[in-house]
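These figures come from a predicted structure and were not determined experimentally. Lettering of chains follows the sequences in order, A, B, ..., and the numbering in each one begins at 1.
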Number of protein chains: 2
Amino acid sequence: MVKLTDVARAAGVGYGTASRALSGKGPVGGDARTRVLQAARELGYVTDGTARALREGRTRSVGLIVPDMTNEFYTASAEVLQDVLRTAGHHLFVATTGNHPGLDQEALQAMAARRVDGIVHVPSGPAAAHQSPVPVVELNRYSGRQVPAVVSDDINGVKQLTELAVTAGYTDIAAIVGPETYSTSRDRLAGFKAAAEAAGFEDSPTAAKRFRIISSDFSVAGGSEAMTTLLTKPPQAVLPLSSRLVMGVLKTARAHGIRFPDDMALAGYGDPDWFEIWGPGITTFAPPLSEMGAKAAETLLDLINSEDIDPSINRLPGTIKQRGTM
Amino acid sequence: MVKLTDVARAAGVGYGTASRALSGKGPVGGDARTRVLQAARELGYVTDGTARALREGRTRSVGLIVPDMTNEFYTASAEVLQDVLRTAGHHLFVATTGNHPGLDQEALQAMAARRVDGIVHVPSGPAAAHQSPVPVVELNRYSGRQVPAVVSDDINGVKQLTELAVTAGYTDIAAIVGPETYSTSRDRLAGFKAAAEAAGFEDSPTAAKRFRIISSDFSVAGGSEAMTTLLTKPPQAVLPLSSRLVMGVLKTARAHGIRFPDDMALAGYGDPDWFEIWGPGITTFAPPLSEMGAKAAETLLDLINSEDIDPSINRLPGTIKQRGTM
DNA sequence: CTGTTAGCGCATTCAG
DNA sequence: CTGAATGCGCTAACAG
């Protein structure tokens with residue numbers, strides 16, 4: 001692979017001159033500069049990033065750790081995050097954990113070993129032993145570490161979603177949430193309870209205005225099971241609070257011949273593109289995934305360039321999309 | 001950041017000894033080894049990958065270049081690809097091009113600059129100027145470069161899909177395909193025509209058994225427009241040959257109150273999870289995305305470890321999923 | 001303005 | 001079996 005000395009020799013200049021010409025830093029004679037640039041182009045010279053990184057003490061690359069690359073919930077953020085970072089000259093290492101907490105630390109280590117300048121992390125579990133020698137910004141979920149986090153304002157979002165059900169006059173509402181180990185589950189649950197209780201609903205089967213909460217995992221199968229459980233005494237409205245839970249609920253409903261909104265009202269969470277064309281359209285709370293990705297990227301860049309960390313949680317507002325199911 | 005000399009000093013051994021102990025290569029006394037390992041753990045030592053890469057001439061990282069991280073069509077492959085590579089000790093650089101051909105070369109360059117050991121590339125356009133000094137495997141699409149490619153056997157897949165329509169007795173069939181610049185478009189079109197013509201269909205509005213082909217881009221909007229065009233003289237069966245085209249077709253159909261399969265039969269391509277629960281279930285050809293990802297990873301690893309390239313196209317068979325729309 | 005030089009941290013020779 | 005020394009390719013500081 002052609003290196004700097006080759007370019008310098010071809011251009012008939014010294015080693016350092018070639019370096020300065022290529023990087024644009026430091027004084028170089030206009031004549032020498034053009035000769036170097038031309039030689040570099042002709043030889044197909046590409047700076048050796050490993051050597052440069054070693055010398056400069058930074059790699060211009062950042063890590064992204066997500067539970068699952070096939071989940072639109074993460075990739076929608078990742079896409080714009082990647083875009084913002086690339087514009088700033090950084091490239092992206094990606095690792096997935098499959099929500100298996102052990103892999104978080106492993107990925108963090110691997111990224112640190114590659115000396116990324118920073119990491120955007122969707123933690124797959126409680127803070128625990130997550131440690132990183134490089135700056136970290138949490139995305140989507142916050143683990144409790146003293147690092148900045150960029151998340152969706154699920155508390156308000158789900159609150160508004162629940163108010164939709166209340167306003168529509170339903171008096172028997174059920175929510176399906178994920179494991180409490182995730183901040184997302186806790187936030188969504190908090191939003192739901194806040195709205196329900198504010199409207200005079202109680203967590204009791206005998207109350208006139210009542211709500212139920214079913215805990216599940218964030219999977220399609222979990223949603224299916226939860227819905228099956230609910231169907232022993234069908235609520236008037238169901239709120240599966242993740243897009244995969246929605247999918248599970250729809251599967252079970254389909255098997256039982258239940259129609260939305262005729263037999264039951266439904267409001268979901270997230271906004272994969274098919275929500276719009278499923279049946280009458282699925283009413284949902286759409287978190288601001290793109291904005292979250294951009295904000296996470298900007299926060300990380302700030303962190304990399306300034307060192308002063310503001311370990312606060314940045315909650316970005318999403319949007320209610322009212323469609324046919326509620 | 002703690003380095004090797006620190007560990008060596010803490011362990012009371014020499015520099016080289018520490019290196020050998022950590023890497024496991026070369027002779028080290030059992031006693032010295034344990035002292036080094038313990039010191040490393042206590043100090044939180046993490047090998048500096050940039051220095052190691054410079055010295056060893058490889059980074060143990062590979063690049064993945066895809067058009068779009070939010071498209072399940074790519075991420076489903078990427079997920080398992082990432083898994084296979086990680087098991088082999090490699091990590092993944094990801095860049096997206098947005099199907100903007102200029103970015104392909106830019107991404108290729110950036111990856112080369114970072115000295116990745118190899119690249120998995122979903123080319124976003126014709127071969128053209130794509131050049132890379134490191135081994136490349138193409139995924140999903142092949143550009144014509146002399147590199148190995150791992151793709152879905154769309155020719156046969158779409159052929160079978162078309163035969164489904166023929167067998168069902170439809171005599172007016174329309175296919176919606178993407179731009180001819182993509183090998184995927186050409187393959188799917190070839191499969192469609194092969195099956196249609198073999199069954200005696202003609203590309204003529206007056207033939208008893210007739211087919212139509214509408215060219216579009218691979219977007220939701222493109223599918224919508226194509227469907228609108230078709231509706232001036234509705235076919236008995238429509239085959240939008242990408243999941244985004246399916247989405248577009250469904251949107252237009254919905255606006256026109258068309259029901260599948262009652263008013264028109266539909267068979268699609270790809271298998272995002274919502275295909276199963278949309279209406280009566282969408283009949284489709286599902287490419288083997290996971291297998292493709294795994295195969296691409298293995299092919300690249302072979303390439304990295306052996307140098308002898310076999311620039312052939314590996315077509316992996318997919319599966320027909322017959323559901324309700326046809 | 002230009003050429004020369006010293007490390008960045010590591011793996012790996014070569015002496016001991 | 002161990003410690004010291006070399007150089008991977010580059011940038012930055014220095015001397016000319």
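- With respect to D48(A) and K3(A), no salt bridge is recorded, no charged nitrogen being found less than 4.0 Å from a carboxylate O.
- DNA chain C is contacted by V13(A), G14(A) of residues 6-14 of chain A, taking any non-hydrogen atom closer than 4.0 Å.
- With respect to the salt-bridge test (charged N to carboxylate O, under 4.0 angstrom), the residues R244(B) and D217(B) do not qualify.
- Within 4.0 Å (heavy atoms only), A32(A) reaches sugar-phosphate atoms of the nucleic acid but no base atom.
- The residues R145(A) and E138(A) are annotated as salt-bridged, a charged nitrogen and a carboxylate oxygen being separated by less than 4.0 angstrom.
- Ring pair F93(B)/H91(A) is perpendicular by interplanar angle, where above 60° counts as perpendicular and below 30° as parallel.
- The two atoms that bring S132(A) and L108(A) nearest to each other are CB-CG, 4.2 Å, heavy atoms only.
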Give me the distances for all protein-to-nucleotides 9-12 of chain C N/O pairs that come in under 3.5 Å?
{"unit_1": "dG9(C)", "atom_1": "OP2", "unit_2": "K3(B)", "atom_2": "NZ", "d": "2.7"}
{"unit_1": "dG9(C)", "atom_1": "N2", "unit_2": "A51(B)", "atom_2": "O", "d": "3.4"}
{"unit_1": "dC10(C)", "atom_1": "OP1", "unit_2": "Y45(B)", "atom_2": "OH", "d": "2.6"}
{"unit_1": "dC10(C)", "atom_1": "OP2", "unit_2": "L4(B)", "atom_2": "N", "d": "2.6"}
{"unit_1": "dC10(C)", "atom_1": "N4", "unit_2": "Y15(B)", "atom_2": "OH", "d": "3.3"}
{"unit_1": "dA11(C)", "atom_1": "OP1", "unit_2": "R52(B)", "atom_2": "NH1", "d": "3.3"}
{"unit_1": "dA11(C)", "atom_1": "OP2", "unit_2": "S19(B)", "atom_2": "OG", "d": "3.1"}
{"unit_1": "dA11(C)", "atom_1": "N3", "unit_2": "R55(B)", "atom_2": "NH1", "d": "2.1"}
{"unit_1": "dT12(C)", "atom_1": "O4'", "unit_2": "R55(B)", "atom_2": "NH1", "d": "3.4"}

Passes side chain to side chain contact (heavy atoms under 4.5 Å, CB included), N314(B) versus L316(B)? Steps please.
CA-CA 6 Å; N314(B) 198 339; L316(B) 272 38; 3.2 Å; yes
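- When all heavy atoms of V151(A) and R141(A) are compared, the pair lying nearest together is CG1-N, 4.0 Å.
- A salt bridge links D187(A) to R315(A): one of the charged nitrogens lies within less than 4.0 Å of a carboxylate oxygen.
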